[in-house]
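Structure first, then comments.
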Number of protein chains: 2
Amino acid sequence: MPATIRDVANRAGVSVATVSRLLNGTGRVGPDAAARVQAAIAALGFRPNGMGRSLKSRRSRLIGVMIPSLGNPVFADAVAGIEAEARAAGFTLLFGVSNYDAAEERRAVEALLAYRVDGMILTVAAPATSPALDSLDQAGLPHVLIYNQPAPTRAVPTVTVDNVAAGRAVALHMVALGHRRLGMITGALGGSDRAAARLAGFLDGARASGLTRPCVHEVDFEAPDPDAALTAFASGPDGLPTALFCSNDWLAIATIGALTRRGLSVPGDVSVFGFDGIALGAHLNPPLATVVQPSRAMGGIAARHLIALMSADGGRPAPGSVPGHHLLPFTLRPAGSTGPVCFTRPSPIVAPVETTGNAAKQAPAASPVADLDLSTRTS
Amino acid sequence: MPATIRDVANRAGVSVATVSRLLNGTGRVGPDAAARVQAAIAALGFRPNGMGRSLKSRRSRLIGVMIPSLGNPVFADAVAGIEAEARAAGFTLLFGVSNYDAAEERRAVEALLAYRVDGMILTVAAPATSPALDSLDQAGLPHVLIYNQPAPTRAVPTVTVDNVAAGRAVALHMVALGHRRLGMITGALGGSDRAAARLAGFLDGARASGLTRPCVHEVDFEAPDPDAALTAFASGPDGLPTALFCSNDWLAIATIGALTRRGLSVPGDVSVFGFDGIALGAHLNPPLATVVQPSRAMGGIAARHLIALMSADGGRPAPGSVPGHHLLPFTLRPAGSTGPVCFTRPSPIVAPVETTGNAAKQAPAASPVADLDLSTRTS
DNA sequence: TTGAAAGCGCTAACAG
DNA sequence: CTGTTAGCGCTTTCAA
């Protein structure tokens, strides 16, 4: 049995109140008493019981964290950011995983709620309809979303990037490189509102560039099978796209693997663009072209924001420190896995490429309707 | 204010004891009373307070998890395994990170201990001298180590692979491929007993093969700088090794990047072997040769073992269910990043290669002292 | 089958 | 500056 505050008090010849005061720095304690208490604490190896403390003070100093999966490093990065910030503020993390599933989200949130976390940081499948968020709202527990799209129907602080704009930027970038047949491989849209937003932006970008609607294929998050998607693409009317946008890096890497196994070169035959900017991507060969979002910072900002929210909780919504959403900047990393369109394969050129001034700078866009140039590229 | 068990009891017209009994399935409850209680629980949205529950029952149903870092996917994988198993058994995870630092380990463990976790799963820098383990021992808290080497001086259950044997196997494999100048890039040995064990095995394998002691360079875990290590190798007496063993995949990937940036090809100029078998490695180009350890299973097994330990806690060390160490099997994945030695560069051949029967099967070992063959390989 | 009552370890008034 | 005391929400004897 661990020592209790009472044991310490007895040994030091003071009351438990004195020990408590010393422990929490609340109220003055005489130097001699303090010394005796310190000695007793050390001698007994006393460690204040967080449970008792939380029960009485009604603050657990626990932050709940729930993410869809630990398999995708992007979430691990965010958790690392949360952990660092939370620890610095004296909070400990209670952790749950949802596997991209709404029912599991609810279960996980209930579990964290049971321990009376002071607040929660999470990513849900779909904020608008999330039962987990319903629980949180009903409990009146401060919480902030990360990665999710800000839900118009629900006023919950969200730290994220503009996924729609990012998706659009990817499409424009591809077009600027001369690609006309774009495609997207996305994780299950029902399990990820951000994937849906990226898709929406991507389609919009393609449309704005005068392209027909890119083909889209969904794959499972947990056991993605890009090969099936590639087969589906290939057997479609337009054949395999020359540029593929994947809804996350994890998927993009699997896709590159599947392409390579088919004997296709990246970016020679097919360009691949990912999303997230996980650290490993930069080390790949070729380096993974991707939309970089500041995951660790995202976690850190969410934590700071949540902590502010929790302190403000006792009063009115706080002066100006409790805004709505944090839209963090993303950057395009147009690395090796994406390049100018290759004309060695028959590709139905429909209209001249309209390069946007900015993207044109990134890479010398392939001359608009240049025809087959078999000399230099041979796959 | 969340509803309490008292609120439920009042609303249902029963005593709190009855509610508690229904909640925990301990003791019989009349059907009518049960129905009224259920109704009250639903109506009030009652969620039993884990703090109060833990305080009284002296069991928190919390499992503490502490790992060195979330940046390396191998730990995230293990946590995923722990989480799945823990959840299935009704436990929630309390989470901490140590950054490969003994002092931080202690701090993290103290934090988890404060919440009276029922048990703990962790990876420490050095089990023999870990103050964190001292705390755990002193508190009498069940715990199991993962990834760590079983410490002879401390009787703590450990789930891991045989790092020494694995390191040795890597060396033998390299030798079988004709490599004579081996090298190792390792994370700080003081922060990782397993890295030290891998090194020991590797050196032993090299020695057993009649090679001189391979060069070794340590790099930082958090911000590894393989380039500095490469420079150090290159300026050494033997020059750059033809085969490099990295103490983990993360490092191996960074090393491949650094080599490529120097214009060296992998495995053409230098073979690289990693350790861990993180999923991403298989998708690299070339695929990462590595020692695969079953991380997720490791986490799961550790969790199951811990849970058994915790149940047994109330009595004697339990019948046969509380053994010491679990040594899980590892497998070599001799993928693309490691290949036969390349003879286009001057390499001091010292003695004929003695191939071990087994490894020879993996790849057609380069003919022992074949001389320069510039025709086929050109970088 | 049910209820009354005694705390688990701690904090926070309130007296002194 | 210090001690007394009343719970926080819950489980668990012990009687009824």
Side-chain angles (χ1 to χ4, degrees), chain A residues 1-38 40-41 44-62 90 92 110 113-118 139 314, chain B residues 1-38 40-41 44-62 90 92 110 113-118 139 314:
Chain A
M1 286 312 102
T4 75
I5 198 177
R6 177 105 97 240
D7 299 328
V8 174
N10 289 342
R11 191 176 225 271
V14 299
S15 75
V16 295
T18 299
V19 179
S20 176
R21 275 189 283 259
L22 188 68
L23 245 31
N24 302 290
T26 161
R28 297 288 69 124
V29 176
D32 45 336
R36 295 211 309 287
V37 171
Q38 295 285 23
I41 288 176
L44 296 170
F46 170 69
R47 206 176 346 250
N49 183 322
M51 297 289 182
R53 203 196 280 247
S54 302
L55 201 51
K56 181 64 191 181
S57 66
R58 315 182 76 62
R59 306 189 332 155
S60 62
R61 304 217 52 94
L62 247 28
T92 301
E110 293 293 333
L113 245 22
Y115 288 94
R116 299 302 190 264
V117 293
D118 288 339
Chain B
M1 286 308 103
T4 75
I5 197 177
R6 177 104 98 242
D7 299 328
V8 174
N10 288 343
R11 191 177 227 271
V14 299
S15 75
V16 296
T18 298
V19 179
S20 176
R21 277 189 282 258
L22 187 68
L23 246 31
N24 301 291
T26 160
R28 298 287 69 121
V29 177
D32 47 335
R36 296 211 308 286
V37 171
Q38 294 285 23
I41 287 176
L44 296 170
F46 170 70
R47 205 172 352 245
N49 184 323
M51 298 289 181
R53 202 197 282 248
S54 303
L55 199 52
K56 183 65 191 180
S57 65
R58 314 182 77 66
R59 306 190 329 157
S60 62
R61 305 216 53 92
L62 249 26
T92 301
E110 293 293 333
L113 244 23
Y115 288 95
R116 299 301 189 264
V117 293
D118 289 338

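Only heavy atoms go into these numbers, but all of them, side chains included; no hydrogens, no water, no symmetry mates. Letters A, B, ... mirror the listed sequences (proteins, then strands); counts begin at 1. If you're wondering where the values come from, they're calculated on a predicted model, not measured in any experiment.
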The reported gap from CE in A:M51 to CG in B:L62 (rounded to nearest 0.5 angstrom) is 5.0 Å
B:R53 atom CZ is separated from D:dT11 atom P, nearest whole Å, by 5 Å
### Message
Counting distance alone, no hydrogens or angles: does the base of C:dG3 have a donor or acceptor under 3.5 Å from a partner atom on the side chain of B:R21?
### Response
yes
A:N10 atom CG is separated from C:dG9 atom C1', nearest whole Å, by 13 Å
Less than 4.0 angstrom between a side-chain N/O of B:S15 and OP1 or OP2 of C:dT2, yes or no?
no
Whole-Å distance, B:R6 CZ to D:dT11 P, equals 13 Å
**OP:** Report yes if the side chains of B:P2 and B:R47 come closer than 4.5 Å at any heavy-atom pair, otherwise no.
**Re:** no
Could you please spell out the steps behind the side-chain contact (heavy atoms from CB on, under 4.5 Å) verdict for B:L23 and B:F46? CA-CA 11 Å; B:L23 246 31; B:F46 170 70; 3.6 Å; yes
A:R116 atom CZ is separated from D:dG9 atom C1', nearest whole Å, by 9 Å
Partner of B:V37 under side chain to side chain contact (heavy atoms under 4.5 Å, CB included), picked from B:D32, B:V29, B:V8, is B:V8
From CG of A:D7 across to C1' of C:dC8 the rounded distance in Å is 13 Å
In whole angstroms, the gap separating C1' of D:dG9 from CG of B:L23 amounts to 12 Å
Contact class for B:T18 (heavy atom, under 4.0 Å): base, sugar-phosphate, or nothing?
sugar-phosphate
On DNA chain D, more 5' by nearest nucleotide between A:K56 and A:G13 is A:G13
B:L22 CG to D:dT12 P, in whole Å, measures 15 Å
Less than 4.0 angstrom between a side-chain N/O of B:S20 and OP1 or OP2 of D:dT11, yes or no? yes
### Message
Looking at B:R28, I'd like to know whether one of its side-chain N or O atoms comes within less than 4.0 Å of OP1 or OP2 on C:dT1.
### Response
no
Does A:R58 put a side-chain nitrogen or oxygen below 4.0 Å from OP1 or OP2 of D:dC8?
no
Among the nucleotides C:dC10, D:dT11, D:dG9, whichever has the atom closest to the side chain of B:T4 is D:dG9
Where do A:R36 and A:V14 land on the side-chain contact (heavy atoms from CB on, under 4.5 Å) test, with the steps shown first? CA-CA 9 Å; A:R36 295 211 309 287; A:V14 299; 3.7 Å; yes
DNA chain D nearest-nucleotide lookup for A:P31 and A:A17: closer to the 5′ end is A:P31
| Counting only side-chain N and O atoms of B:N24, is one of them less than 4.0 Å from OP1 or OP2 of D:dT11? | yes
Rounded to whole Å, the CD1-C1' distance (B:I5 to C:dG3) equals 13 Å
